[in-house]
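Index from 1, following the sequence. Computed from a predicted structure; not experimentally measured.
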Amino acid sequence: MGVTVDVHQVFQYPFEQVVACFLRKYPNPMDKNVISVKTVEEKKDESTGLIYRKRIAICQNVVPEILRKVSILKVPNVQLEEESWLSLRERNMAIRSHCLTWTQYASMREESVFRESVENPNWTEFIQRGRISITGAGFLNCILETFASTFLRHGAQKGIRIMEMLLKEQCGAPFME
């Protein structure tokens with residue numbers, strides 16, 4: 001079956017500031033679930049200026065204890081892989097993320113875009129679609145998908161709040177014009 005979560009946000013800050021803030025967002029004390037983020041590959045296409053990055057995030061397992069009775073869910077940490085393609089010329093960054101843990105039972109994918117806002121070139125639009133599908137857990141599939149959907153929705157909202165706080169700390173008040 002699977003569940004999908006869509007997010008849309010406009011940050012009232014220029015694209016370059018938002019992307020720089022996103023790339024430095026984790027780890028930080030506002031979200032203790034993200035333990036580390038490491039860039040494992042980075043390359044720039046000199047002809048197009050496109051910057052490709054692959055990062056691995058290590059996060060605490062947030063599956064509730066009651067569900068960890070299932071042996072496959074008893075892991076302390078979860079690994080996520082994030083790939084991004086940044087074009088400073090076109091002022092957009094596409095991001096694809098997926099979970100590297102539990103791949104035989106679950107598929108978690110997010111696709112996100114940061115781009116210059118059509119409303120105001122000094123603002124940045126963020127669009128994200130996350131999809132989780134659980135298989136192989138029998139009657140628990142539906143329960144786990146419901147938990148995952150709630151977690152994704154809350155995680156997206158928390159991520160936006162963190163970005164807003166970091167942007168304000170690092171760049172000052174939003175660009176209102």
Side-chain angles (χ1 to χ4, degrees), residues 2-11 13-28 30-63 72 75-118 123-136 144-145 148-149 151-164 166-167 170:
V3 291
T4 302
V5 173
D6 292 313
V7 175
H8 182 260
Q9 175 73 20
V10 174
F11 295 103
Y13 292 88
F15 173 79
E16 294 77 9
Q17 289 178 343
V18 172
V19 167
C21 185
F22 172 80
L23 292 171
R24 293 189 310 257
K25 183 166 90 170
Y26 296 115
N28 78 55
M30 291 177 260
D31 189 346
K32 297 192 186 307
N33 291 330
V34 181
I35 298 166
S36 68
V37 177
K38 181 180 179 185
T39 301
V40 294
E41 185 178 351
E42 184 170 340
K43 54 189 171 187
K44 181 176 182 178
D45 182 325
E46 295 301 329
S47 64
T48 64
L50 194 68
I51 300 169
Y52 169 81
R53 278 185 194 87
K54 183 188 290 188
R55 303 191 308 170
I56 302 292
I58 307 294
C59 304
Q60 289 183 5
N61 181 357
V62 295
V63 173
I72 61 164
V75 296
N77 299 322
V78 176
Q79 284 193 347
L80 304 172
E81 180 182 82
E82 172 192 275
E83 293 179 285
S84 64
W85 296 264
L86 170 62
S87 173
L88 292 173
R89 288 181 197 162
E90 295 177 21
R91 297 187 83 199
N92 72 47
M93 183 166 76
I95 306 158
R96 256 194 336 238
S97 306
H98 67 276
C99 186
L100 298 173
T101 308
W102 303 311
T103 56
Q104 68 272 40
Y105 303 104
S107 168
M108 189 288 290
R109 298 199 175 279
E110 285 181 346
E111 293 186 5
S112 309
V113 173
F114 286 100
R115 65 183 179 205
E116 181 180 293
S117 172
V118 292
W123 293 355
T124 305
E125 189 174 11
F126 172 65
I127 301 165
Q128 183 178 68
R129 171 167 274 186
R131 179 160 177 74
I132 293 182
S133 179
I134 311 284
T135 57
L144 290 170
E145 283 181 353
S149 171
F151 179 75
L152 254 186
R153 207 175 311 306
H154 285 104
Q157 292 166 351
K158 186 177 191 177
I160 288 170
R161 283 193 310 273
I162 290 170
M163 285 287 294
E164 290 282 4
L166 291 174
L167 284 162
Q170 297 170 10

May I have the step-by-step check of side-chain contact (heavy atoms from CB on, under 4.5 Å) for Q60 and V34, ending in yes or no? CA-CA 6 Å; Q60 289 183 5; V34 181; over 6 Å; no
Test side-chain contact (heavy atoms from CB on, under 4.5 Å) on T124 and R115 and set out the steps. CA-CA 6 Å; T124 305; R115 65 183 179 205; over 6 Å; no
Tell me, with the steps shown, if N33 and Y26 meet side-chain contact (heavy atoms from CB on, under 4.5 Å). CA-CA 10 Å; N33 291 330; Y26 296 115; over 6 Å; no
R131 vs M108, side-chain contact (heavy atoms from CB on, under 4.5 Å): CA-CA, chis, key distance, verdict: CA-CA 6 Å; R131 179 160 177 74; M108 189 288 290; over 6 Å; no
Residue pair E83, R96: steps toward the salt bridge (Lys or Arg N to Asp or Glu O under 4.0 Å) verdict: CA-CA 5 Å; E83 293 179 285; R96 256 194 336 238; 3.8 Å; yes
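In this structure, the side chains of D6 and Q128 stay at 4.5 Å or more apart for every pair of heavy atoms. The closest side-chain heavy-atom distance from I162 to N28 is below 4.5 Å. Looking at heavy atoms from C-beta onward, C99 lies in side-chain contact with V78 at the 4.5 angstrom threshold. Looking only at side-chain heavy atoms (C-beta outward), E82 and I56 stay at 4.5 Å or farther from each other. Residues W102 and V75 form a side-chain contact, since some pair of their non-hydrogen atoms from C-beta on lies under 4.5 Å apart. Residues F11 and M163 meet the side-chain proximity criterion, which asks for heavy atoms closer than 4.5 Å. Counting heavy atoms from C-beta outward, C59 and L80 have side chains that approach closer than 4.5 Å. Proximity of N61 to P76: side-chain heavy atoms (C-beta onward) are nowhere separated by under 4.5 Å.
In terms of heavy-atom proximity, S36 sits nearest to P27 at CA-CG, 4.3 Å. Residue T48 comes nearest to R89 through the heavy atom pair O-NH1, 3.0 Å, listed as atom of the first residue, atom of the second, then distance. Of all non-hydrogen atoms in D31 and K158, the two that sit nearest each other are OD1-NZ, 3.6 Å. Considering every non-hydrogen atom in both V37 and A57, the closest pair reads CG2-CB, 4.1 Å. In this structure, S87 and E90 approach most closely via the heavy-atom pair OG-N, 3.1 Å. Minimum interatomic distance between V3 and S149 (heavy atoms only, all atoms of both residues): CG2-CB, 3.7 Å.
We find the CZ-CG distance between F15 and L88 to be 6.0 Å, quoted to the nearest 0.5 Å. Remark: L167 CG to I160 CD1 distance equals 11.5 Å, nearest 0.5 Å. Note: K44 NZ to E46 CD = 5.5 Å, rounded to the nearest 0.5 Å. A distance of 13.0 Å separates NZ in K54 from NZ in K38, rounded to the nearest 0.5 Å. Note that SG of C21 is 4.5 Å distant from CG of L166, once rounded to the nearest 0.5 Å. Expressed to the nearest 0.5 Å, how far OG of S84 lies from CD1 of I51 amounts to 9.0 Å.
A ring-centre distance under 6.0 Å is found for F22 and F114.
When each of V18, V7, V113 is checked for a side-chain contact (heavy atoms from CB on, under 4.5 Å) with F126, only V7 meets the rule.
A donor and an acceptor atom, one from each side chain of R55 and T39, are nowhere located under 3.5 Å apart. Side-chain atoms of E164 and Q9 form a donor-acceptor pair, as typed in the model, at a separation below 3.5 Å.
Between the side chain of T101 and the main chain of Q79, a donor-acceptor pair closer than 3.5 Å is present. No donor-acceptor pair closer than 3.5 Å links the side chain of S97 to the backbone N or O of E110.
Salt-bridge check for K43 with E41: passed, with a basic side-chain N closer than 4.0 Å to an acidic carboxylate O. Under the 4.0 Å criterion applied to side-chain N and carboxylate O atoms, E16 and R91 are assigned as salt-bridge partners.
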